[in-house]
Amino acid sequence: MSDLFDFAEEPAENTKKEPLAARMRPETLDEVVGQDHIIAPGRLLYRAIKADQLGSLIFYGPPGTGKTTLAMVIAHSTKADFEQINATIAGKKEMEEVVHKAIDNYRMHGKRTILFIDEIHRFNKAQQDFLLPYVEDGTIILIGATTENPYFEVNKALLSRSRIFELHSLGKKDIVKLLKRAVEDPIKGIAGDMVKVDDQAIDYLADAADGDARAALNGLELADLTTPKQDDGYIYITLEVVQECIQKKGIRYDKDGDDHYDTISAFIKSMRGSDPDGALYYLARMLEAGEDVRFISRRIMIAASEECGNADPRALEIAVSAALAVERVGMPEGAIILANAATYVACAPKSNASSQGIFKAMAEVRKSGNLPIPSYLKDAHYASAGKLGRGTGYKYAHDYPHHFVDQQYLPDALRHETFYNFSDVAYEAKLQKWFEMIGKKNYGKEKK
């Protein structure tokens, strides 16, 4: 089991064997860029690292935001033993070795062990449970790193014994700072290669990285390694060079994780909030990331019914038509069809009266069960139904003016209940006026 300190003890000439992103990892808190919300001077994590008084931690955030970097900083700052394993390749045997070593260190030397587990969400429940007693009794201080939401992927027992720190995507200024540091560093960086990098190239790399420092440094390294030296002995990295190295900005999108749920949530809320620009933007993000168009279509249909309802019944018609059309047309043209449906729903009048009504009715059914249906509403098509009173006294609405007759339809116990309350928006307001015209002027009012 290799210790992170082993890397620090390697000869300088061997450091070039590592990728640039690995070589440029900070070793002290002062070298860390970004994440001021958790490691700025005075913050809890900053103080804990400085004082070497860490409890179990879980670092959660997108790739390239510094989760492993913070673990490396802790490795260089702590007096405790530091062990590292990667959950994608480690098994129970590796964990047992770490635990036995930690127990021996604590018993014989009174020295605690910090265990850094990268990709901790890859461990199954049994593997996570194995660590629990040693985390609980303090034999091991756990530091987990994950790109997945720990509240979904990490056992609750471990979560309750750990402090979670969420890392955010780095800002463009942060990545520019890291790139310039790599360009100017003659030992760990690329300055020793006699490289000159245009500011435009750095700006492009920082923008294209989309908050991922590793991606930016990988792009810089690729440009360095693939660009020939000029007659003066220098490598010139220009905007054109890095554009060729990074031909398309990567779209971070995990179909089973936060990116998926966060983006669709923003898409739905944009439609609900009558913001067609937001709807188009989040639709574009999903399409560029390869989201299943059938999933997007379903969400538009649900939004059309839940958010627009009877204020604009045509919204559902358009959403359903769009879903069928996308299946027949496919991509990329299907993007236009989805855009039509999403912007229509976003711009349409809104009412959630019917959706709130069904939720209220379902809650009532769960509470009161199958209340007796009035006998005159029951099925009366069979010969002996009349003997049981089925259908007796039923008033056929079409036999009355305006095809309406006042009649109780709810069970007796709910006769004063109202589930559907009209909004005063668009077509739903017309429905309310129709109710008033046929004589149901106080619909909903006399029942409250």
Side-chain angles (χ1 to χ4, degrees), residues 1-6 29 32 35 37-39 42-62 65-168 256-258:
M1 186 65 61
S2 60
D3 193 295
L4 283 176
F5 289 116
D6 294 342
L29 272 175
V32 176
Q35 311 305 339
H37 64 292
I38 60 173
I39 56 170
R43 296 285 186 179
L44 174 62
L45 184 57
Y46 180 93
R47 299 197 313 269
I49 295 174
K50 284 287 189 182
D52 196 9
Q53 294 293 325
L54 288 170
S56 290
L57 312 170
I58 293 179
F59 295 137
Y60 154 53
T65 53
K67 298 183 293 297
T68 304
T69 291
L70 283 177
M72 294 285 284
V73 167
I74 292 169
H76 287 90
S77 305
T78 184
K79 294 178 182 178
D81 276 0
F82 195 99
E83 296 285 339
Q84 177 182 13
I85 59 178
N86 190 304
T88 59
I89 57 176
K92 188 175 180 181
K93 180 181 178 182
E94 288 80 3
M95 288 195 294
E96 287 176 342
E97 290 177 358
V98 171
V99 168
H100 291 154
K101 184 178 176 181
I103 292 173
D104 290 342
N105 279 339
Y106 191 70
R107 286 177 178 173
M108 292 188 293
H109 309 293
K111 200 172 187 181
R112 303 179 74 184
T113 297
I114 295 175
L115 172 59
F116 173 55
I117 303 179
D118 204 5
E119 307 286 343
I120 192 173
H121 62 277
R122 300 282 188 179
F123 273 163
N124 59 36
K125 185 178 185 299
Q127 289 171 308
Q128 293 183 32
D129 284 344
F130 173 77
L131 295 170
L132 185 58
Y134 307 107
V135 171
E136 190 165 13
D137 67 13
T139 302
I140 285 177
I141 299 171
L142 173 67
I143 299 179
T146 176
T147 56
E148 304 296 323
N149 191 324
Y151 291 103
F152 298 149
E153 304 294 339
V154 179
N155 289 0
K156 290 182 179 179
L158 278 181
L159 285 179
S160 68
R161 292 160 177 81
S162 307
R163 184 177 292 274
I164 298 172
F165 290 96
E166 182 176 3
L167 279 68
H168 302 155
D256 297 319
D258 283 355

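What you see below is based on every heavy atom in this structure, not just the backbone, and it leaves out hydrogens, waters and symmetry mates. These numbers were taken from a predicted model, which means no experiment stands behind them.
Ion pairing of D81 with R112 is absent here, as no side-chain N (NZ or NE/NH1/NH2) approaches a carboxylate O to less than 4.0 Å.
The 12-atom threshold is not exceeded at CZ of R122, counting heavy atoms of other residues, nucleotides or ligands nearer than 6.0 Å. Annotation for Y106: atom OH does not count as buried by contact number, only 12 or fewer foreign heavy atoms lying within 6.0 Å.
Put simply, the side chain of E153 never gets that close to the backbone of P150: no donor and acceptor are under 3.5 Å apart. Side-chain atoms of D118 never come within 3.5 Å of backbone atoms of G144 as a donor-acceptor pair (strictly under, hydrogens ignored). Proximity of a side-chain donor or acceptor of S162 to a complementary backbone N or O of L159 within less than 3.5 Å is not detected. With hydrogens and angles ignored, the 3.5 Å screen pairs a side-chain donor or acceptor of Q128 with a backbone N or O of F123. Of the possible donor and acceptor atoms, one in the side chain of D137 sits under 3.5 Å from a partner among the backbone N and O of T139. Proximity of a side-chain donor or acceptor of H100 to a complementary backbone N or O of E96 within less than 3.5 Å is detected. A side-chain donor-acceptor contact under 3.5 Å links K67 to the backbone of G61. Listed for the R161 side chain is no donor-acceptor partner under 3.5 Å among the backbone atoms of E136.
Remark: Y134 pairs with F130 by the ring-ring contact (aromatic ring centres under 6.0 Å, His included) rule, at least two apart or across chains.
Taken from CD1 in I74 to CD1 in I49, the straight-line distance is 4.5 Å, to the nearest 0.5 Å. Here the CD atom belonging to Q53 is positioned 9.0 Å from the OG1 atom belonging to T78, to the nearest 0.5 angstrom. Between atom OG1 of residue T65 and atom CD of residue E166 there is a gap of 9.5 Å, rounded to the nearest 0.5 Å. A distance of 9.5 Å separates CE in M72 from CZ in F116, rounded to the nearest 0.5 Å. Note that the CD1 atom of I120 and the CD1 atom of I143 stand 10.5 Å from one another [nearest 0.5 Å]. Between the CG atom in L158 and the CD1 atom in I58 there is a gap of 6.5 Å [rounded to 0.5 Å].
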Practice task
Go through K50 and Y46 one step at a time and tell me if the side-chain contact (heavy atoms from CB on, under 4.5 Å) criterion holds.
Solution key: CA-CA 6 Å; K50 284 287 189 182; Y46 180 93; 3.3 Å; yes

Practice task
List the steps, then state whether side-chain contact (heavy atoms from CB on, under 4.5 Å) holds for L45 with L54.
Solution key: CA-CA 8 Å; L45 184 57; L54 288 170; 4.1 Å; yes

Problem - side-chain contact (heavy atoms from CB on, under 4.5 Å) between Y151 and I164, intermediate numbers included - result: CA-CA 10 Å; Y151 291 103; I164 298 172; 3.5 Å; yes

Practice task
Apply side-chain contact (heavy atoms from CB on, under 4.5 Å) to L44 and I38, showing your working.
Solution key: CA-CA 7 Å; L44 174 62; I38 60 173; over 6 Å; no

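The side chain to side chain contact (heavy atoms under 4.5 Å, CB included) with V98 is formed by just one residue from the set K93, Q84, E83; it is E83.
At a threshold of 4.5 Å between non-hydrogen side-chain atoms, the residues K101 and T113 do not count as touching. Two residues are said to be in side-chain contact when any heavy atoms from C-beta on lie closer than 4.5 Å; I114 and L142 fail this criterion. Contact annotation: the side chain of N155 never approaches that of L132 to less than 4.5 Å [non-hydrogen atoms, C-beta and beyond]. With contacts defined as side-chain heavy-atom distances shorter than 4.5 Å, the pair I39/L70 qualifies. Side-chain contact between H121 and N149: absent, with no pair of heavy atoms (C-beta onward) separated by less than 4.5 Å. Between H109 and N105, some side-chain heavy-atom pair lies under the 4.5 Å cut-off.
The minimum heavy-atom distance linking I140 with S56 is given by the pair O-OG, 4.3 Å.
Between H37 and H168, the ring planes lie parallel to each other; the angle is under 30°, not in the 30° to 60° tilted range.
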